[in-house]
Amino acid sequence: DRLDTPRRLLWAYAVMEGAIAASAIAMPSLRHVATSADVLFEGWFPEALLWTSLGRFLVSTLVLIVPTTLMGATLPVLARAVSTAGPRRRLAERAGLLYALNTAGAVLGAAATPFVLLPALGVVGSCRAVAAADLIVALLAVVASRSRLLGPVAEAPGPGRPAGPLGPSSEGGSESTESTADRRAAVAALVGIGLSGAVALVYQQVWARALSLVIGSSVYAVSLILALFLFGLAAGSAVYSRRTAVQPGQAGNLAVAHVVIALWAVATLRLADQLPAAFVLALPSSDVGPSTVLALQAALAAVVVVPPTFFMGMTVPATLRLVEIGLATLGPGRATGATYAVNTAGAIVGSFVGGFVALPALGAQGTLLGCAIASVVLSAAYGALAGATSGPRRSIGPALAVVATVALLAVTYRPWNLAALSSGVFRVSRSTELAALLRGGQGGDAAESDADPESLHPWIERARTVVEPEDLWDEG
């Protein structure tokens, strides 16, 4: 293995970042090529949307495959490099923190691009700014590679390779060797992280669809939801990596994480159509400007998105722990790469299934219900895995939580009030108008609205006569 020292690993990382910077500089030109190809496809297949879409997918793949592959390779390389500092059994903690930092950077990028970079620099200037940042990171990696604190990387024992001082046998005990049960648990965890990645991306699309009726579907709204989604992942991974990633019982923890995600989905199924009313009620009585509306929209979206994604972020370091124990011969880089790759592959499948299959066929509420059921199934599977690896008693708690979640779903599920969801509160003029009507109907001092009451949806019309907000939210 040529990348057998942390210096070489950091040099490899620097080369990857340099290549990503080159791709960013070339991206504006590649965009023009892609646009020209799109015009050709529309000319060749004027009435064949399927073939036109497949052509766009092919061109997009050719444009993005190199930089995105390099981006995906950076995390395993860094994980292997940092595994030299301390016992290898801290891989889940260290790689989990790297994943959290990487995702936190993605949060910054998702927020900065539409709100700062594109308005200030445009597309070409933004690409150049990103390229400059990549080159700075590459330079820092080169500087770090020259540090005297770096030592030889630890390798997991394999055929003809004895265990090193940082290898699996350094800590002794039953954890030093792979057992059949540990290997099966690791394989099951990899399958689970792939499935959870798929479900997570479907969740993201459902939240984007439902929240678009409250906060709109502009580039700012889409970026806001993406940034909150990534923030939850980063926060969950960071907290879990620091506190729990090296503890026993990871399968049980994964069961708990997925049942909490399912519980939040159940709550969203019950309350999603009340979000427009909650937004209107939260508006101040005066001085409602775009910044105030945007802040309230961000807060509302955060309530929906951040809590479940926090627990989704925990699944990566927990899975890494199971993989490093059960598949120790992979080594830190391959263990991290396998976990990351399987999760990303699942996310790709989920993004396709959610956008092209589930949402068109089932709608937002039906798709969210399917996601809740999938999370319950994943929790039950991880609970069974916990019972198989740690004793039957470890599966009792997750099993009870799963039963309680299913019962709660059966009791609370109801069809959404589509009139409430489609009230148009994402428009500043409409939201302030409805807030004035609501406060006027409740005896407030709101100014008279110029809106025609007959043009408003019935759920807001009733604000003239009701006293309790619950009456405003419930329709029929």
Side-chain angles (χ1 to χ4, degrees), residues 87-96 99 156-157 163 167-200 236-237 239-262 311-332 334-343 346 374-406:
R88 179 184 175 275
R89 288 302 179 181
R90 312 294 290 190
L91 172 64
E93 177 184 345
R94 298 172 190 278
Y99 174 78
S169 62
S170 62
E171 294 186 354
S174 60
E175 193 181 38
S176 62
T177 59
E178 296 177 8
S179 68
T180 301
D182 288 338
R183 285 196 295 272
R184 290 176 178 173
V187 173
L190 285 174
V191 174
I193 198 67
L195 294 174
S196 63
V199 175
S237 180
V239 172
Y240 194 88
S241 297
R242 291 293 297 173
R243 295 180 176 272
T244 318
V246 297
Q247 302 299 322
Q250 296 300 321
N253 294 345
L254 285 166
V256 172
H258 282 287
V259 82
V260 172
I261 295 168
F311 287 90
M312 291 177 188
M314 295 179 177
T315 61
V316 171
T319 301
L320 270 171
R321 180 60 173 168
L322 291 173
V323 171
E324 71 167 326
I325 294 174
L327 299 175
T329 54
L330 287 179
R334 291 187 179 90
T336 305
T339 303
Y340 192 52
V342 172
N343 182 250
S375 294
V376 168
V377 172
L378 282 169
S379 179
Y382 279 119
L385 181 62
T389 56
S390 304
R393 296 181 61 181
R394 295 300 301 270
S395 64
I396 295 176
L400 293 176
V402 165
V403 172
T405 303
V406 172

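Position 1 is the first residue of the sequence, and the numbers go up from there. These numbers come from the heavy atoms of this one structure, side chains and all, not from hydrogens, waters or symmetry mates.
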Which atoms form the tightest heavy-atom contact between [X] and [Y], and what is the distance?
X	Y	answer
Thr319	Thr315	OG1-O, 2.7 Å
Gly383	Ala255	N-CB, 3.6 Å
Ala95	Thr336	CB-OG1, 3.8 Å
Val402	Ser379	CG2-OG, 3.5 Å

I need the [X] [atom1] to [Y] [atom2] distance, nearest 0.5 Å.
X	Y	atom1	atom2	value
Leu254	Leu385	CG	CG	8.5 Å
Asp182	Thr180	CG	OG1	9.0 Å
Thr339	Tyr99	OG1	OH	11.0 Å
Thr244	Arg321	OG1	CZ	12.0 Å
Met314	His258	CE	NE2	11.5 Å

Do any side-chain atoms of residues 185-199 form donor-acceptor pairs under 3.5 angstrom with protein atoms, and if so which ones, sequence neighbours left out?
residue, atom, partner, partner atom, Å
Ser196, OG, Gly192, O, 3.1
Ser196, OG, Ile193, O, 3.1

Set of residues satisfying side chain to side chain donor-acceptor pair (under 3.5 Å) with respect to Tyr240, sequence neighbours excluded = Gln250, Asn253

Sequence neighbours left out, what passes side chain to side chain donor-acceptor pair (under 3.5 Å) with Ser375? Give chain and number order.
-> Tyr203

In short, side chain to side chain donor-acceptor pair (under 3.5 Å) pairs touching residues 381-397 with sequence neighbours left out are none

Only pairs at least two apart or in different chains count here, so list each side chain to side chain donor-acceptor pair (under 3.5 Å) that has a residue in residues 184-194.
-> none

Partner residues of Thr405 under the side chain to side chain contact (heavy atoms under 4.5 Å, CB included) criterion, sequence neighbours left out = Val259, Ala262, Leu263, Val266, Val376

